[in-house]
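Notes follow the structure.
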Amino acid sequence: MRKQASEAQGLANHLRSLRERRELTLAAVAARSGVSRATLSRIENAEVSPTAETLSQLAAAYALPISQLLAPLDPGFQPVVPQGEQSLWRDPSHAFLRRSVSPPSGQLSIELIECEIGPNEKITYDRPALPGQEQHLYLLSGKITVTVEQRAYALKTGDCLRYSLFGETVFATGEAACRYVIALT
């Protein structure tokens with residue numbers, strides 16, 4: 001529990017620092033992201049953890065991938081990333097777990113993220129952080145429907161969905177949880 005509290009504080013400090021380095025007020029970030037000023041303040045004070053949707057809105061407001069918002073949780077570049085050192089982020093409001101398998105690096109152009117979503121969950125990202133970003137989703141287990149810009153794709157174990165993001169994306173599970181890997185370029 002103590003590790004989760006320090007990770008939450010690290011994320012809060014990173015988000016505040018990111019906003020301050022860009023010389024933005026909470027009100028300005030609220031206007032850009034659609035997240036209320038009060039919620040932003042609570043996140044930056046580590047009083048609440050952001051949801052997956054909130055991180056998406058902040059990533060779009062800063063024009064950064066979500067992984068760079070979570071950067072304080074990831075170690076610097078190293079060729080081998082042991083599983084025990086891969087950073088985890090949880091969104092308990094969606095039974096969602098995000099593992100940074102191959103964290104972002106200025107030296108490498110591909111990032112791998114492993115995700116788990118519980119049963120009967122729906123996560124909506126209203127806009128991409130980086131319009132046109134290429135993603136490849138490989139479903140390791142379960143079933144999921146991924147809607148990319150209003151086109152739904154029903155995936156089952158072993159399927160791969162390839163797409164470039166320009167608009168809304170929705171991840172919806174059915175009666176069972178699912179696990180997948182996303183490769184980002």
Please confirm whether the backbone N or O of [Y] pairs with a side-chain atom of [X], one donor and one acceptor, at under 3.5 Å?
{"X": "R37", "Y": "L26", "answer": "no"}
{"X": "N45", "Y": "E47", "answer": "no"}
{"X": "S33", "Y": "V29", "answer": "yes"}
{"X": "T157", "Y": "G142", "answer": "yes"}
{"X": "E149", "Y": "F166", "answer": "yes"}
{"X": "R22", "Y": "Y62", "answer": "yes"}
{"X": "T124", "Y": "V170", "answer": "no"}
{"X": "T173", "Y": "E121", "answer": "yes"}

In terms of hydrophobic clustering (I, L, V, M, F, W, Y; side-chain heavy atoms under 4.5 Å; direct or indirect links), are [X] and [Y] co-clustered?
{"X": "I182", "Y": "L64", "value": "yes"}
{"X": "Y138", "Y": "L161", "value": "no"}
{"X": "V48", "Y": "L15", "value": "yes"}
{"X": "L140", "Y": "F96", "value": "no"}

Counting C-beta onward and ignoring hydrogens, is there a side-chain heavy-atom pair between [X] and [Y] closer than 4.5 Å?
{"X": "L40", "Y": "L58", "result": "yes"}
{"X": "I113", "Y": "L184", "result": "yes"}
{"X": "T147", "Y": "T169", "result": "no"}

Result of checking L155, D159, V181 against L137 for side-chain contact (heavy atoms from CB on, under 4.5 Å): L155
From E134, Q133, R151, Q135, residue fulfilling side-chain contact (heavy atoms from CB on, under 4.5 Å) relative to Y163: Q135
Worked verdict on R21 versus S17 for side chain to side chain donor-acceptor pair (under 3.5 Å): CA-CA 6 Å; R21 279 194 316 270; S17 174; 2.7 Å; yes
Worked verdict on E114 versus R179 for salt bridge (Lys or Arg N to Asp or Glu O under 4.0 Å): CA-CA 7 Å; E114 179 183 357; R179 199 169 128 248; 2.6 Å; yes
Mutual orientation of the aromatic rings belonging to Y125 and F171 [parallel < 30°, tilted 30-60°, perpendicular > 60°]: perpendicular
Atom CZ of R99 with >12 non-hydrogen neighbours under 6.0 angstrom: yes
